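Worksheet: the structure to be examined is printed underneath.
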There are 2 protein chains.
Amino acid sequence: MTTPDGHPTWTIAQLADEFEITHRTIRHYEELGLITPERRGTVRVFHRRDRTRLALILRGKRIGFPLDEIRTIIDMYDEQPGEVGQLHYLLEQIAERRVELEQRRADIEQTLRELAVVEERCHADLRTLRR
Amino acid sequence: MTTPDGHPTWTIAQLADEFEITHRTIRHYEELGLITPERRGTVRVFHRRDRTRLALILRGKRIGFPLDEIRTIIDMYDEQPGEVGQLHYLLEQIAERRVELEQRRADIEQTLRELAVVEERCHADLRTLRR
DNA sequence: CTTGACGTTGACGTAAACGTAAAGCACGAT
DNA sequence: ATCGTGCTTTACGTTTACGTCAACGTCAAG
């Protein structure tokens, strides 16, 4: 589906299908102000921007962020230049998110290392049992 | 606090303090079977094993796993050798967790890269504004 | 011996993130 | 004309992860 001026658009069902979520989920994100699809009459029309934001939301969820925090993160992507105070605030936010993300990455890597240990123990046990 | 045989133990308040969580949280984890402190009469006595599991639970939470999944993960650490079927099941579980963890790590790294871009744009805007 | 400090068990409350009907337009096809 | 398909809103239900009393036990100190 494309709009008269050549930009692609999506229906709620198409996006739900593509991202393997329900339309209810998409509506929920809209209620929370995470996406703001156009309305043609009563019907929602999703543009590329909405699709992108949806993808960002889902990635945020996979990482484990709450929707609330996800909004502040993806809103940073869209931020207009603005004034100096705004920019400094944004830089602060970025710094905070970075700390969180790096903490999470460290936790994940530690867990991966430990899983490797357990796995090796498993293989060792299997070798023992085979005799 | 130490037990007569020289092993250190903790009270619920000590662990709550140390990990900066509430006693209610600890009790919640016990209700879900994530930790099983000893009972001396009615009172909970936490051993090193409980403390370790608590730390693992909190790390799992930081990563973003639900408590349910956290249990299956930390239970793997304690798994006794067992029989061949068990071991293969455990290896399967490990493989699944690894996939999840690597997906999350990739998501985090992607987000970190994008934040860096936004950050650079911020700095550029600031430089522009200074003239 | 009563007063705290710390422990315990219910049991109801709440916030987040949707699930799940129920009921109703709109519109193209039969 | 009505039937199905897809979209809509309204609104209550559910799960997870605890928060928050309330009410009571226990033990050392004053």
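Since this is a predicted model, take the numbers as computed values, not measurements.
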Taking 4.0 angstrom as the limit, do [X] and [Y] come out as a salt bridge?
| X | Y | answer |
| --- | --- | --- |
| A:Arg97 | A:Glu100 | yes |
| B:Asp78 | B:Arg49 | yes |
| A:Glu114 | A:Arg121 | no |
| B:Glu31 | B:Arg27 | yes |
| A:Arg105 | B:Asp107 | no |

Without decimals, in angstroms, what is the distance between [X] [atom1] and [N] [atom2]?
| X | N | atom1 | atom2 | result |
| --- | --- | --- | --- | --- |
| B:Glu31 | D:dA17 | CD | P | 13 Å |
| B:Leu34 | D:dA17 | CG | C1' | 11 Å |
| B:Glu30 | C:dG7 | CD | C1' | 13 Å |
| B:Glu20 | D:dC18 | CD | C1' | 17 Å |
| A:Lys61 | C:dA16 | NZ | P | 14 Å |
| A:Arg39 | D:dT8 | CZ | C1' | 8 Å |
| A:Leu58 | C:dA17 | CG | P | 13 Å |
| B:Gln14 | C:dA5 | CD | P | 17 Å |

Closest to the A:Val43 side chain, choosing from D:dA17, D:dC7, C:dT8: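 Of the candidates, D:dC7 comes closest.
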Look at the side chain of A:Thr11 and decide which nucleotide, out of D:dC7, D:dA17, C:dA17, has an atom nearest to it.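 The answer is D:dC7, which lies nearest to the side chain.
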Under 3.5 Å, N/O pairs linking protein and nucleotides 21-26 of chain D:
none

Identify, between A:Val45 and B:Pro66, the residue whose nearest nucleotide on DNA chain D lies closer to the 5' end.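 The residue whose closest nucleotide sits nearer the 5' end is A:Val45.
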Within residues 68-76 of chain B, find the residues that approach DNA chain C with a heavy atom at under 4.0 Å, and present them sorted by residue number.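 None, since no heavy atom is under 4.0 Å.
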Which is true for A:Ile12 with a 4.0 Å heavy-atom rule: it touches a base, it touches only sugar-phosphate, or it touches nothing?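 Touches sugar-phosphate only.
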With respect to A:Ile57, which candidate in A:Ile73, A:Ile21, A:Leu67 satisfies the side-chain contact (heavy atoms from CB on, under 4.5 Å) definition?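 One option only clears the test, and that one is A:Leu67.
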Should the heavy atoms of other residues, nucleotides or ligands under 6.0 Å from OH of B:Tyr89 be counted, would the total exceed 12?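 Check fails, neighbour count at 12 or below.
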A quick test of your reading: do over 12 heavy atoms of other residues, nucleotides or ligands sit less than 6.0 Å from CZ of A:Arg48?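 Count not over threshold, so no.
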Return no unless some side-chain N or O of B:Tyr29 is found under 4.0 Å from OP1 or OP2 of D:dA17.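 So the side chain of B:Tyr29 is outside the cut-off, no N or O lying under 4.0 Å from OP1 or OP2 of D:dA17.
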With the 4.5 Å side-chain cut-off for hydrophobic clustering, are B:Leu112 and A:Ile70 part of the same group?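 Yes, B:Leu112 and A:Ile70 fall within the same hydrophobic cluster.
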